[in-house]
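Read the structure below first, then the notes.
All values below were derived from every heavy atom in this structure, side-chain atoms included, with hydrogens, water molecules and symmetry-related copies excluded. Small disclaimer: the values here were computed from a predicted structure and weren't measured.
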Amino acid sequence: MELYNATVTEFIMLGFTTDPVKQRVLFGLFLVVYALTMAGNFTLIVLICNDPRLHTPMYFFIGNLSFLDLGLSSVYTPEILITCISEDKSISFAGCVAQFFFSAALGYMECYLLAAMAYDRYVAISKPLLYSQAMPLKLCVFFVAASYLGGFVNSVIITKDTFSLHFCSDNVIDDFFCDIPPLVKLACGKKDSYQAVLFFLLLSNVISPIVFILASYLFIIATIARMRSKQGRLKAFSTCSSHLTSVTLYYGSILYIYARPRSRYSLDRDKIVSIFYTVVFPMLNPAIYSLRNKDVKEALNKLLK
């Protein structure tokens, strides 16, 4: 990847606070969150791989979602922990590029995967008797592979364009990771073409999947409305509740950060929202998909025994 910036060789991460006591508290808090994230997502993957009852398209997608959450949390949290306890808060230019690339790739992949899961829920509700035939393994693998490829390609584009910007002299990032808003704030001589690329990527990676998800749920609602049994309607809504919760939390925080006019950016407020979708959300996903799921609970009991 060709990078045109030669002025800045490293960046300084300000993180959340310079107060040593608060830093130690935050270190302990993020360490607990990271441990729970690793344990929860890894356990969910093991259960899905180990129990034949969970070898269905829905759990295939959930397992891949957990895999992405493991990666997403590992891109951010170790750097946050280091920033909290180390006096050296610098990150090399190459390290910033790598963190930016992997965070963007995993984030875009998750956007596409959540859209594929919406289609899976539509098929499960509209064609329950033909679910296995309508969602064969080959189709599921195709959806996941397309999500991974789309995330990778778009991440290459945004990483190349972001680090082709010229960073004059200021290298202090008022955030806990290398992200678009603080990096754009540091760049001088911003190109109009960069804003066009940002708009294109927002449209293709966030807005388009949201439209697809909304369309899927409109068809789902129409299908549920035709059901005569109240119990059947409740069961159908319950099937979608976990996915709807994930979509609302994930896309809501992303749109708040990246879909606002630049004049409304507030880095202090954005840090809190960014923490949610980068650190907290990967921890919540295993709970969202397992707490009310009888099959997962039974698989866990079987594994423990």
Side-chain angles (χ1 to χ4, degrees), residues 40-41 43-45 47-69 109-147 150 205-255 277 281 284-302:
N41 284 287
T43 300
L44 194 54
I45 292 173
L47 292 177
I48 292 171
C49 293
N50 185 63
D51 198 306
R53 290 173 299 179
L54 303 184
H55 293 174
T56 64
M58 181 179 75
Y59 292 109
F60 178 75
F61 290 122
I62 291 175
N64 278 276
L65 185 65
S66 288
F67 174 75
L68 292 180
D69 283 337
M109 290 173 188
E110 196 148 323
C111 287
Y112 288 125
L113 188 61
L114 287 171
M117 292 172 72
Y119 177 77
D120 171 70
R121 292 299 82 211
Y122 161 69
V123 174
I125 291 174
S126 63
K127 302 176 182 179
L129 299 179
L130 300 174
Y131 179 49
S132 299
Q133 290 82 356
M135 290 293 295
L137 180 60
K138 288 183 179 180
L139 182 60
C140 296
V141 171
F142 170 78
F143 278 142
V144 171
S147 299
N205 293 295
V206 181
I207 305 300
S208 295
I210 287 177
V211 171
F212 183 84
I213 291 171
L214 290 175
S216 298
Y217 273 99
L218 285 176
F219 284 112
I220 289 172
I221 292 172
T223 302
I224 293 176
R226 292 194 297 267
M227 293 180 178
R228 297 181 180 180
S229 168
K230 181 179 178 180
Q231 184 177 1
R233 290 196 295 268
L234 290 174
K235 184 178 180 181
F237 276 120
S238 177
T239 302
C240 299
S241 61
S242 296
H243 179 257
L244 271 175
T245 303
S246 290
V247 167
T248 302
L249 295 177
Y250 189 69
Y251 280 104
S253 55
I254 286 180
L255 287 174
Y277 81 86
F281 181 76
L284 294 179
N285 259 343
I288 291 172
Y289 287 102
S290 62
L291 286 180
R292 298 176 58 190
N293 194 304
K294 181 181 178 182
D295 292 335
V296 174
K297 291 179 181 178
E298 291 178 354
L300 180 60
N301 290 331
K302 179 181 176 181

Heavy-atom closest pair, residues Ala134 and Leu139: O-CD2, 3.6 Å

Which atom of Glu110 lies closest to which atom of Phe281, heavy atoms considered: OE2-CE2, 3.0 Å

Between Ser246 and Asn285, do the side chains contain an N or O donor and an N or O acceptor separated by less than 3.5 Å? yes

Donor-acceptor check, side chain of Ser253 to backbone of Tyr250, threshold 3.5 angstrom: yes or no? yes

Where Pro286 and Leu44 come nearest, the two heavy atoms and their spacing: CA-CD2, 4.0 Å

Using every non-hydrogen atom in the two residues, find where Leu54 and Tyr59 come nearest and quote the distance to one decimal. O-CB, 3.0 Å

Would you say that Met227 contacts Ile125 through its side chain, given a criterion of any heavy-atom pair below 4.5 Å between the two side chains? yes

Step by step, work out the side chain to side chain contact (heavy atoms under 4.5 Å, CB included) result for Tyr251 and Ile213. CA-CA 11 Å; Tyr251 280 104; Ile213 291 171; 3.7 Å; yes

Of all heavy-atom pairs linking Tyr112 and Gly150, the shortest is CE1-C, 3.8 Å

In terms of ring plane angle, is the pair Tyr217 and His243 parallel, tilted or perpendicular, where the classes change at 30° and 60°? parallel

Pairwise distance CG(Leu244) to CD1(Ile220) - rounded to 0.5 angstrom: 7.5 Å

Side chains of Thr223 and Tyr122 only: does a donor on one sit below 3.5 Å from an acceptor on the other? no

